[in-house]
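Below is one structure; the comments refer to it alone.
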There are 2 protein chains.
Amino acid sequence: MEKLEKYYHQIKNSPVFYGMKDDELQGLLDCFNARIRNFEEGEMIIRQGDRITNIYLILEGAVNIEKDSYWGRRIIITQLSVNDNIALAFVASKNIESNIDAVAAQNTRVLVLSYEKCTSMCQNACTRHKVLINNLFDILSKENIELIQKIENVSQKTIRDKLLTYLSNEARKRKSNSFEIPFNRQDLADYLNIDRSAMSFELSKLQKEGLIKYNKNKFVLSARV
Amino acid sequence: MEKLEKYYHQIKNSPVFYGMKDDELQGLLDCFNARIRNFEEGEMIIRQGDRITNIYLILEGAVNIEKDSYWGRRIIITQLSVNDNIALAFVASKNIESNIDAVAAQNTRVLVLSYEKCTSMCQNACTRHKVLINNLFDILSKENIELIQKIENVSQKTIRDKLLTYLSNEARKRKSNSFEIPFNRQDLADYLNIDRSAMSFELSKLQKEGLIKYNKNKFVLSARV
DNA sequence: ACATTTCCGTTGTTTTTACAACATTATTAA
DNA sequence: TTAATAATGTTGTAAAAACAACGGAAATGT
C-alpha cells in the first residue's frame, strides 16, 4: 500500500477526485479498497464479456480500447492515457457485459477502485460520494463527446478524408499544428478502419502535395489543411 | 403549463426522473422551469456551435443526431426516440460547443429543462438533485455503450458486413429476429456511411441468399445470421 | 382517381480500396 | 558492428464501393 502514497498527488488532481478535500479523498480511497496494479504491454486489462465493477484510473502508460470483429479484424475504438478512466461506462451499467477489450499499449500502471464495495457501504449518502458522482458525470460527458468525434473521423468516405479529418481534429485538440499521435501506422489504420499500406501511400501523397509533414509519429499540418 | 400535466406520468417514469417521489419531481420541474416545445419534422432542435444549457427529454417523436461533414455529406450519428435525452453530454460540459445537429425526424414533442438554472439555485444540495445526477450518470453510461456499438457497426469493412453487424445488433437489442428499424433507406445509408444504392443492392442480395427478409422497415433475420 | 413527388431497387461505369508481395528504413538483439 | 526483426513505404492487381442514371413502386396531395 506504500505505493499509493507515491501517486497521491496525481490521484488527488485527477478528474475523478477533482475538488475533493484531503480527508475526503483519504476516506474514499479506503472505502474504495484502492490498490495499484501493473500491466505489461499487450496484457489484457478487461476482456469482452467481463462485468466491470471497478473504476480503473490510468497512472502511467496507455491503454487501447479494442474490439475484435466477428471476422477477426481488430478495431481500435480509442486510446486512453494518463488520468483517463478505463471502461467507466460499464461500471454504471452493472448488468451489461463489456463489449470491448482493454489492452495495455505500453507498460501501464493503474489505480483500481471497487466502486461496488464503496457504493454498497456508504449507500450514496456521504458528501464525498456526491462530489465523486458529479466528477464521474463530467468524465462520461467528455468521453461521450470524444466518441462522437471518433465517429466523425471514421465516417469519412475516403482514406484521404479520414486522415485529414483525424489530423485536423487532433491539431484542434492540442491547439497546435504540430503534434505527436499515440499510434504507430498499423494502430492508426486499425483506428481509422483502413488498410495500413493504402494509408501509408495516402500519407506520402499528402506530404508530396505539401498538406502535411511527418516523421514517425510527429505530424505538422500546413496552414492549408 | 397545463400540457405538462398530460405528460406527468410519462415524465415521472422516464429514466431522468426514475425513482423520484411525487413531491420531489414536482419541485424539480418548477426549479427546472420545465416547459414543453414542439418541433416539426426537419426542424433543428440543436445546431452545431450551440452551447447547450437545457436538458431535452423526448416525449413524442424521434430525433436524428447528425453532423454535416466538411465536404457536405450528412452523417447520422444516431437516432433518438421517446424517453431519450438529446445531447446530454454537452449539458455537463458547459464550455464545449455542440459539434452535432439535432433534427426532428418526425413531428416531435420535447420537455425542456433549464439545467443551469436549477443547479445554480439549489447548488447541488437538495436530495432530489442527488437522485437526478445519479440518473443522468446512468443515462450517459448507456449512451456511451450505444456509441461504442455504433462504432462497431460502421467499422466493418464491407457494406455486407456493416449491414449484417447492424442488423444482428438490432436483433440482439430487441431480443427478436423480427424487428422494425427507425430509418428509411437513405437514413440507414447515412448512418452506416455507405451509398444508398449500393446498400439497396446488397440488401436484395442478402435476401436472395436467404440470410434476411425485409419489407420496408420490417426486417427478419434468418437463424443463420 | 389522378397527378406529383418521394422512396426504393437495378444496372453500368469510374473511382477507390484492399490485398499481396516486396523494398526500404528503423529498431533490437547478439 | 552485424545480424535479425520489426515497422514503414511502394507498387500492381483484383475486389468493392461510389456515383450517375433510370424505372417502377409507394406515398402524398388535390
Side-chain angles (χ1 to χ4, degrees), chain A residues 40-42 64 69 71-76 79 105-107 153-167 180-209 211-219, chain B residues 40-42 64 69-76 79 103 105-107 153-167 180-209 211-219:
Chain A
E40 286 183 14
E41 179 172 344
N64 283 340
S69 89
W71 296 267
R73 242 171 25 84
R74 180 176 75 146
I75 298 166
I76 295 185
Q79 178 168 118
Q106 318 160 9
N107 292 341
N153 290 338
V154 300
S155 295
Q156 303 305 318
K157 274 263 162 66
T158 65
I159 292 181
R160 188 188 184 84
D161 290 348
K162 285 184 184 185
L163 283 169
L164 288 176
T165 303
Y166 168 71
L167 291 173
E180 287 195 19
I181 65 171
F183 296 126
N184 63 26
R185 295 292 184 274
Q186 183 60 62
D187 285 355
L188 180 57
D190 288 345
Y191 175 86
L192 294 176
N193 306 302
I194 50 184
D195 179 71
R196 181 196 60 76
S197 65
M199 185 187 75
S200 255
F201 180 69
E202 193 67 43
L203 278 174
S204 350
K205 213 165 104 187
L206 286 169
Q207 183 155 241
K208 277 174 202 144
E209 294 175 21
L211 288 171
I212 65 174
K213 279 185 202 150
Y214 61 89
N215 187 280
K216 287 197 54 186
N217 293 1
K218 171 119 184 160
F219 284 77
Chain B
E40 286 184 14
E41 178 173 344
N64 283 340
S69 87
Y70 189 72
W71 295 267
R73 242 170 27 84
R74 180 176 77 145
I75 299 166
I76 295 185
Q79 178 168 118
V103 184
Q106 317 161 9
N107 291 342
N153 290 338
V154 300
S155 294
Q156 303 304 319
K157 274 263 161 68
T158 65
I159 291 181
R160 189 190 184 84
D161 290 348
K162 286 184 184 186
L163 283 169
L164 288 176
T165 303
Y166 169 72
L167 290 173
E180 286 194 20
I181 65 171
F183 295 125
N184 63 26
R185 294 293 184 275
Q186 183 62 61
D187 285 355
L188 180 57
D190 288 346
Y191 174 86
L192 294 175
N193 304 304
I194 51 184
D195 179 70
R196 180 195 59 78
S197 66
M199 184 186 77
S200 255
F201 180 68
E202 192 68 42
L203 278 174
S204 345
K205 215 165 103 188
L206 287 170
Q207 182 155 241
K208 278 175 202 142
E209 295 175 21
L211 289 171
I212 66 175
K213 278 184 203 151
Y214 61 90
N215 188 281
K216 287 199 51 185
N217 294 359
K218 172 120 184 159
F219 284 77

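What you see is a predicted model; the values in this text were computed from it and never measured. Reminder, nothing fancy here: chain letters follow the sequence lines and each chain counts from 1.
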- Message: Applying a 4.0 Å non-hydrogen cut-off, can you work out what A/I159 is touching in the nucleic acid: base, sugar-phosphate, or nothing?
- Response: sugar-phosphate
- Just call it for B/L203: base, sugar-phosphate, or nothing, with non-hydrogen atoms closer than 4.0 Å on any strand. nothing
- Any idea which of D/dT10, D/dT8, C/dT11 is nearest the B/F201 side chain? C/dT11
How close or far is atom [atom2] of [N] from atom [atom1] of [X], stated in whole angstroms?
{"X": "A/D190", "N": "D/dT8", "atom1": "CG", "atom2": "P", "value": "12 Å"}
{"X": "A/M199", "N": "C/dC19", "atom1": "CE", "atom2": "C1'", "value": "15 Å"}
{"X": "B/N184", "N": "C/dT5", "atom1": "CG", "atom2": "C1'", "value": "15 Å"}
{"X": "A/Q207", "N": "D/dT10", "atom1": "CD", "atom2": "P", "value": "9 Å"}
{"X": "B/L163", "N": "C/dG9", "atom1": "CG", "atom2": "P", "value": "11 Å"}
{"X": "B/L188", "N": "C/dG9", "atom1": "CG", "atom2": "P", "value": "11 Å"}
{"X": "A/K205", "N": "D/dT11", "atom1": "NZ", "atom2": "C1'", "value": "14 Å"}
{"X": "B/N193", "N": "D/dC19", "atom1": "CG", "atom2": "C1'", "value": "16 Å"}

- Query: Using the ring of each side chain (for Trp, its six-membered ring), is B/F183 parallel, tilted or perpendicular to B/Y166, with breaks at 30° and 60°?
  - Reply: tilted
- On DNA chain C, nearest-nucleotide positions of A/T158 versus B/Q186: which is more 5'? B/Q186
Does a side-chain heavy-atom distance below 4.5 Å link [X] with [Y]?
{"X": "A/L164", "Y": "A/L206", "result": "yes"}
{"X": "B/L203", "Y": "B/R185", "result": "yes"}
{"X": "A/K205", "Y": "A/R160", "result": "yes"}

- Task: Quick one, give me the B/S/- string for nucleotides 20-30 of chain D, reading 5' to 3', where B means a protein heavy atom under 4.0 Å from the base and S means that only happens at the primed atoms, P, OP1 or OP2.
- Result: B------S---
- Message: Please find the pair of heavy atoms, one from A/N217 and one from A/N184, that lie closest to each other, and give the distance.
- Response: OD1-CA, 4.3 Å
- Task: Over all heavy atoms of both residues, which pair between B/Q79 and B/N64 is shortest? Give the atoms and the distance, please.
- Result: NE2-OD1, 2.7 Å
- Query: In terms of heavy-atom contacts, does OH of B/Y214 have more than 12 from other residues, nucleotides or ligands at under 6.0 Å?
  - Reply: yes
- Note on the structure: Result for 5'-nearest mapping on DNA chain D, choosing between A/Y214 and B/K162, is A/Y214
